[in-house]
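A short worksheet on the structure shown next.
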Amino acid sequence: ITTPLTKALRLPFVPKVAGFDQVLTSDGGGTSTDVSVVVGGEPTLTTEGSVGVFPSKIPMIDIVTVGAGGGSIAWLSPEGTLKVGPQSAGADPGPLCYGKGGREVTITDAHVFLGRIPPHLLGGEIPLDVAAADRGIRDLAERLGLTPEACATGVLEISAWNQANALRQVTVKRGLDVRDFTLTTFGGSGSLLLCRLMDVLGIPTVLVPPNPGNVSAFGLLTVDVKNDYVQTHVALADHLEAATVASVYDDLTGRAASALAAEGFAAEQHQFVRTADLRYFGQAFEVRVPVPDAPVDDDLLAGVVAAFHAAHRGLYGYDFSGDPTQQVEWVNLRVSGIGPIQRPEIR
């Protein structure tokens with residue numbers, strides 16, 4: 001199965017060049033903001049994702065999406081309070097300032113009203129209708145009983161907190177301290193609220209790449225080829241045979257190598273990453289841990305179990321490493337075959 005390549009997977013190249021390997025990514029677009037986390041230079045993965053309403057067990061980047069893009073609409077709830085998103089004006093008709101028939105105030109209109117973006121895009125090629133944004137903000141402010149400046153600021157404040165809550169989901173919810181990371185913002189609107197996000201989350205450092213609006217497109221051209229193979233092998237750790245595990249990994253590695261060769265990668269270019277999904281017996285969810293690239297023997301299997309205990313403690317705040325009644329169960333064996341591509345040099 002070829003893993004879907006998502007935006008967060010393309011980003012570690014940029015912070016790596018800048019010298020960062022603990023990174024939060026925030027990709028702000030027109031309709032939403034996608035956030036993820038990179039730990040030790042590697043984006044975090046999940047097999048509990050979804051595509052629309054359909055659950056997916058295919059390994060994919062662990063991304064949280066919120067309706068906080070440039071086109072997200074500011075509206076009044078039935079109780080009369082200000083809300084922002086998830087509805088979006090999109091690109092057509094887009095925000096009021098686009099002058100294409102939009103009728104709702106958006107985050108972009110609030111930025112324009114407060115002078116946080118210039119009255120044009122693309123260096124003047126696309127003029128913005130500042131007057132339309134002004135009228136929309138003033139009308140919304142009147143309905144809220146606020147000054148126009150307070151109304152526009154409130155729209156951006158709500159958007160910033162929506163993004164901050166998404167970033168907490170990929171860090172605090174997973175046992176990570178958000179303050180240990182560098183926030184990397186990109187996308188057309190991703191960097192506009194970064195200062196407020198630093199305040200809300202207590203993040204000490206932000207990295208903004210050159211031309212952040214082009215980072216996703218640039219990433220499409222710089223991401224490695226990656227194929228994932230998985231074999232279910234449910235067994236208690238005490239009953240697991242090292243020879244059987246080695247045989248399964250050899251088979252998965254052979255399949256990954258054949259796929260990379262078919263895609264034009266010479267054998268000396270092939271890279272393989274082994275992982276395994278483990279859980280405590282009786283649990284419904286597994287934790288993925290790395291399997292070292294070494295001959296599979298009893299010592300290696302014991303090391304993987306120890307890594308599982310540590311990973312479980314990091315995710316959930318506890319583990320059963322000292323309780324002999326709690327057995328560890330292996331569930332899936334995985335191999336990722338990676339074909340590295342030559343990347344351009346960047347500043």
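Only this structure's heavy atoms are used, side chains among them; waters, hydrogens and symmetry mates stay out. Note that the structure is a prediction, hence the values are computed from the model and not measured.
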Side chain to side chain contact (heavy atoms under 4.5 Å, CB included) evaluation trace for Thr182 with Gln22: CA-CA 6 Å; Thr182 295; Gln22 299 283 104; over 6 Å; no

Check: Asn211 side chain, Asn214 main-chain N or O, donor-acceptor pair, under 3.5 Å: no

Backbone N/O of Thr106 and side chain of Asp109: donor-acceptor pair under 3.5 Å: yes

same_hphob_cluster(Ile158, Val155) at 4.5 Å side-chain heavy-atom cutoff: yes

Val35 vs Ile63 side-chain heavy atoms within contact, under 4.5 Å: no

Distance-only side-chain donor-acceptor flag, Ser88 / Thr31, under 3.5 Å: no

Evaluation steps, side chain to side chain contact (heavy atoms under 4.5 Å, CB included), between Leu96 and Val105: CA-CA 6 Å; Leu96 294 171; Val105 171; 3.9 Å; yes

Check: Ile338 main-chain N/O paired with His270 side-chain donor or acceptor under 3.5 Å: no

From Leu301 atom CG to Asp238 atom CG, the distance as rounded to the nearest 0.5 Å: 11.5 Å

Where Leu260 and Gly339 come nearest, the two heavy atoms and their spacing: CD2-N, 3.6 Å

Sub-4.5 Å side-chain heavy-atom contact between Thr171 and Leu24: yes

Heavy-atom closest pair, residues Ser189 and Gly70: OG-N, 3.7 Å

Cluster check Val234, Val328: I/L/V/M/F/W/Y, side chain < 4.5 angstrom: no

Aromatic ring proximity, centroids under 6.0 angstrom, Phe181 and Phe20: no

Separation of Ser32 OG from Gln163 CD (nearest 0.5 Å): 10.0 Å

Short side-chain to backbone donor-acceptor contact, Tyr280 and Phe320, under 3.5 Å: yes

Worked check of side chain to side chain contact (heavy atoms under 4.5 Å, CB included) between Asp62 and Val37: CA-CA 8 Å; Asp62 191 4; Val37 61; over 6 Å; no

Within-4.5 Å side-chain heavy-atom neighbours: Val291 and Arg334: no

Glu241, CD atom: more than 12 neighbouring heavy atoms under 6.0 Å: no

Distance-only polar pair, side chains of Asp250 and Ser247, donor-acceptor under 3.5 Å: no

Minimal non-hydrogen separation, Thr185 against Pro209, with atom names: O-CD, 3.3 Å

Distance-minimising heavy-atom pair for Phe186 and Pro212: CB-O, 3.6 Å

Donor-acceptor contact below 3.5 Å, side chain Asp139 vs main chain Arg135: no

Check: Trp75/Gln87 side-chain N/O donor and acceptor closer than 3.5 Å: yes

Closest non-hydrogen atom pair, Ala246 against Val296: CB-CB, 3.8 Å

Crowding at CZ, Arg179 (>12 non-hydrogen neighbours, <6.0 Å): no

Sub-4.5 Å side-chain heavy-atom contact between Arg279 and Val331: yes

Atom pair CD1/CZ of Ile107 and Arg116 - distance to nearest 0.5 Å: 11.5 Å

same_hphob_cluster(Ile137, Ile117) at 4.5 Å side-chain heavy-atom cutoff: no

Lys NZ or Arg CZ of Arg274 over Tyr249 ring: under 6.0 Å, within 45°: yes

Sidechain N-carboxylate O distance under 4.0 Å for Asp21, Lys16: no

Partner of Gln283 under side chain to side chain donor-acceptor pair (under 3.5 Å), chosen from His312, Glu329, Gln326: His312

Close side-chain approach of Val170 and Thr44, heavy atoms under 4.5 Å: no

Spatial distance of atom CZ (Arg138) from atom CZ (Phe113) [nearest 0.5 Å]: 4.5 Å

Salt bridge Lys226-Asp224, side-chain N to carboxylate O under 4.0 Å: no

Shortest non-hydrogen separation from Leu156 to Leu193 and the atoms involved: O-CD1, 3.9 Å

Distance, nearest 0.5 Å, that separates CZ of Phe218 from CZ of Arg343: 8.5 Å

Parallel, tilted or perpendicular: rings of Tyr316 and Tyr318 (30°, 60°): tilted

Trp161 reachable from Val66 in the ILVMFWY side-chain graph, under 4.5 Å edges: no

Contact check, side chains of Asn332 and His233, non-hydrogen atoms, under 4.5 Å: no

Criterion side-chain hydrogen bond (donor to acceptor under 3.5 Å, both in side chains) on Ser77 and Glu79, from CA distance to verdict: CA-CA 5 Å; Ser77 71; Glu79 297 79 26; 3.0 Å; yes

Distance, nearest 0.5 Å, that separates CG of Leu167 from CG of Leu183: 6.0 Å

Pro292 side chain near Val304 side chain, heavy-atom distance below 4.5 Å: yes

Lys100 (side chain) donor-acceptor with Pro95 (main chain) under 3.5 angstrom: no

Leu140 side chain reached by Leu82 side chain, heavy atoms, under 4.5 Å: yes

Worked verdict on Val178 versus Arg168 for side chain to side chain contact (heavy atoms under 4.5 Å, CB included): CA-CA 7 Å; Val178 67; Arg168 287 192 178 103; 5.8 Å; no

